[in-house]
J.: 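Structure incoming, see below.
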Amino acid sequence: MTLIGHIIFLLLLQSSVLLAWQDYKDYQVYELTPRDSSEESLLRKLAREKPQWDFLGPIRWHNESTVRVMLPPEEASSLVSLFDSHQLRYRLLIKDLSPLVQAQRAENLRSKQRLQLPHIDVLAAFYTHAEINAYLDSLPERYPKRAQVKQFGWSYERRPLKVLTISNGDGRRNKPVILIDGTVHAREWISPSMALYIIQQLLDNYEGNQELLQDYDWVIMPVVNADGYEYTHSESRYWRKTRKPTTDPDCVGTDINRNFAHEWGHDAGSSSDPCEDIYRGERPFDQPESQVLRDILLQYSPRLKWYLSLHSYGNYFLLPWGYTNNLPENYQDMMDVAEAGAFAIVHSTNGIYSYGSTYYVLYPTSGDTADYALGVANATVAMTMELPAGGFSGFDPWVSHIERLVTESWVGVRAMAAEVIRRYPS
Ligand SMILES: [Zn+2]
């Protein structure tokens with residue numbers, strides 16, 4: 001290509017990126033504080049009836065818990081009049097999301113100006129799926145005895161889905177495994193950051209953490225929902241689902257965390273409507289990304305001691321089951337592990353985590369990955385960690401807050417890993 005051709009190409013590329021980017025002009029975020037169970041039920045009903053209102057977290061009324069809801073400008077007046085007529089407690093957090101989205105995008109691009117792939121500084125920016133893959137691919141060269149990368153499959157849009165295995169390099173095979181995934185939900189950007197921080201702790205800071213690798217291997221997949229995650233970088237910051245088309249031509253994407261084949265398809269914990277954010281798919285595992293994560297879980301199943309899925313936000317350690325109010329047999333053991341994490345964090349930063357079964361602590365979910373990990377892949381302990389909130393929506397921490405969020409969360413993950421290793425020696 002000639003120089004002029006190059007310039008025209010770059011201009012076209014830039015304008016197409018700018019044109020495609022959703023600016024969230026006049027999108028609003030409200031915070032609600034339900035006062036009793038009837039207000040909780042009313043809000044849950046609204047969440048079901050109004051898919052254009054994006055409830056960003058669990059709706060619960062215990063302990064002054066709040067929930068944020070994001071909505072497009074044309075919905076604002078109907079929300080306010082509905083809330084006023086029911087005398088609900090609410091406040092407007094932000095009346096136009098666009099400057100925030102723009103400022104954060106600019107901050108992140110600025111932070112990456114000095115980026116020299118494959119090296120990345122986890123604390124300095126949020127990285128794309130391609131950047132994360134380049135970093136993962138570089139690790140076996142830097143740590144030939146301790147790091148191994150394997151591609152397990154492809155996303156719907158043909159992005160390679162990669163998994164890193166970390167060991168202490170002593171050559172002992174078939175150690176028990178801690179399996180961690182991130183970015184099942186695209187917009188939860190602190191999740192891949194946390195997965196990368198764990199990797200750096202185990203590889204770069206091996207001296208400080210070697211007891212966590214003496215008898216256990218760690219398997220880490222930082223980005224499960226690669227297409228959705230890429231979409232949040234390039235087009236729509238608050239996208240949650242995959243990017244595979246559905247039976248409804250107007251609605252794209254399935255919730256991977258409702259697509260797993262353990263008690264899949266309950267209406268109380270998932271949706272059959274392709275336009276909803278908790279759409280479970282036509283069939284379990286009809287998403288390539290779910291298939292890949294399933295294959296990883298099953299491959300490590302005989303050695304799987306702890307499955308940890310990193311989500312945000314809300315400060316929860318969520319245990320199975322999501323689909324029923326019955327509790328699994330080893331519930332108390334899993335609670336003890338979660339408690340070790342919650343104690344370590346409150347001791348370190350005064351950060352408060354709630355923990356318990358998903359069904360009780362949050363709400364019913366069916367077809368989620370933790371239920372599958374326990375119920376089918378025989379993980380000894382299965383858990384979803386809802387990392388802390390950031391920004392106005394909860395999903396959008398500033399780059400400058402990454403360090404605080406991931407170092408606090410690592411205190412919890414480290415304590416839980418130590419507890420798992422102590423309880424289930426190899
Ligand atoms: Zn999530």
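All ligand and atom numbering here is 1-based and tracks the order in the structure.
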J.: Provide the atom name of the closest N, O or S atom of His311 relative to the Zn ion (ligand 1).
T.: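 The atom in question is ND1.
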J.: Is it the case that more than 12 heavy atoms not belonging to Glu74 sit under 6.0 Å from its CD atom?
T.: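 Enclosed.
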J.: Side chains of Ser98 and Asp96: do they bring a donor and an acceptor to under 3.5 Å?
T.: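 Indeed, the side chains of Ser98 and Asp96 share at least one donor-acceptor pair under 3.5 Å.
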J.: If the cut-off is 2.8 Å, does any N/O/S atom of Glu386 fall short of it from the Zn ion (ligand 1)?
T.: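 It does not; every qualifying atom lies at 2.8 Å or beyond.
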J.: Have a look at the Zn ion (ligand 1) and estimate, to 10 degrees, the angle subtended by ND1 (His185) and OE2 (Glu188).
T.: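 Nearest ten degrees: 100°.
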J.: Under 3.5 Å, is there a donor on one side chain and an acceptor on the other for Gln299 and Asp295?
T.: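 On atom types as modelled, these side chains do not qualify, holding no pair under 3.5 Å.
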J.: Are Ser193 and Tyr127 linked by a side-chain donor-acceptor pair shorter than 3.5 Å?
T.: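 Absent: no donor and acceptor within the cut-off.
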